[in-house]
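For reference, the structure discussed in these notes is given below.
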Amino acid sequence: MKLSRSFMELSALLLIPIVLSFIVHLFFAVSFGLVLAILYAILVFFSLPSDTTFSQAVDYQTKVSNPTHRLPLIKHLAFVKMDWIRFLLLLIALIVTLVTWYIIEVNL
């Protein structure tokens with residue numbers, strides 16, 4: 001049951017951007033591959049672990065603006081296997097989309 005649920009989540013993660021980019025392509029006459037690459041890039045960005053340099057920069061800005069603020073202890077959050085699979089799948093989808101968009105649209 002858990003395997004089928006995770007498979008459905010991964011399928012939705014890959015298929016929803018395709019459907020959205022098709023709808024945007026129909027209504028706004030924008031390149032399908034470009035919209036798909038933008039959507040996958042957004043998903044890859046939001047699937048990054050929370051303890052990356054982005055959160056450290058926010059902590060620094062908070063400390064600069066409020067010197068009495070105590071930063072929480074840094075604890076390394078482990079990426080579980082499903083998170084790695086999701087991240088790698090999105091990254092592969094982004095790379096494949098960019099390569100095919102470049103071959104089809106740019107090299108005409």
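Just so it is clear, the values below take in all heavy atoms, side chains as well, and ignore hydrogens, waters and symmetry mates. Bear in mind the structure is a predicted one, so any value in this text is a computation, not a measurement. Position 1 is the first residue of the sequence, and the numbers go up from there.
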* Pairs satisfying side chain to side chain donor-acceptor pair (under 3.5 Å), at least one member in residues 17-26, at least two apart -> none

* Asked: Between Pro17 and Ala12, which heavy-atom pair has the shortest distance, and what is it?
  -> CD-O, 4.1 Å

* Of all pairs that satisfy salt bridge (Lys or Arg N to Asp or Glu O under 4.0 Å), the ones with a partner from residues 7-29, not counting sequence neighbours -> Arg5-Glu9, Glu9-Arg86

* Members besides Val96 in its Ile/Leu/Val/Met/Phe/Trp/Tyr cluster (side-chain heavy atoms under 4.5 Å) -> Ile92

* **Nearest heavy atoms of Leu98 and Ala37, plus distance in Å** => CD2-CB, 3.6 Å

* Roughly how far, to the nearest 0.5 Å, is the CD1 atom of Ile38 from the CG atom of Leu43? -> 12.5 Å

* Is there any salt bridge (Lys or Arg N to Asp or Glu O under 4.0 Å) pair reaching into residues 31-43, and which pairs are they, with sequence neighbours excluded? -> none

* **Shortest non-hydrogen separation from Leu94 to Ala41 and the atoms involved** => CD1-N, 3.8 Å

* Which heavy-atom pair separates Leu90 from Ser47 by the least distance, and what is that distance? -> CD1-OG, 4.0 Å

* side-chain hydrogen bond (donor to acceptor under 3.5 Å, both in side chains) against Thr100, all qualifying residues, sequence neighbours excluded -> none

* To do: Side-chain contact test, heavy atoms from C-beta onward, threshold under 4.5 Å: evaluate it for Leu10 versus Leu89 and give yes or no.
  => yes

* To do: Give every residue pair that meets the side chain to side chain donor-acceptor pair (under 3.5 Å) criterion with at least one member in residues 30-40, sequence neighbours excluded.
  => Ser31-Trp101

* Just grab all the salt bridge (Lys or Arg N to Asp or Glu O under 4.0 Å) pairs involving residues 16-25, residues at least two apart or on different chains. => none

* Apart from Leu39 itself, what residues make up its hydrophobic cluster when side-chain heavy atoms of I, L, V, M, F, W and Y under 4.5 Å apart count as a link, directly or indirectly? -> Ile16, Val19, Leu20, Ile23, Val24, Phe27, Phe28, Val30, Val35

* Would you name the heavy atoms of Phe32 and Phe22 that are closest together and state the gap between them? => CE1-N, 3.5 Å

* Structure fact -> The reported gap from CZ in Phe7 to CD1 in Ile85 (rounded to nearest 0.5 angstrom) is 12.5 Å

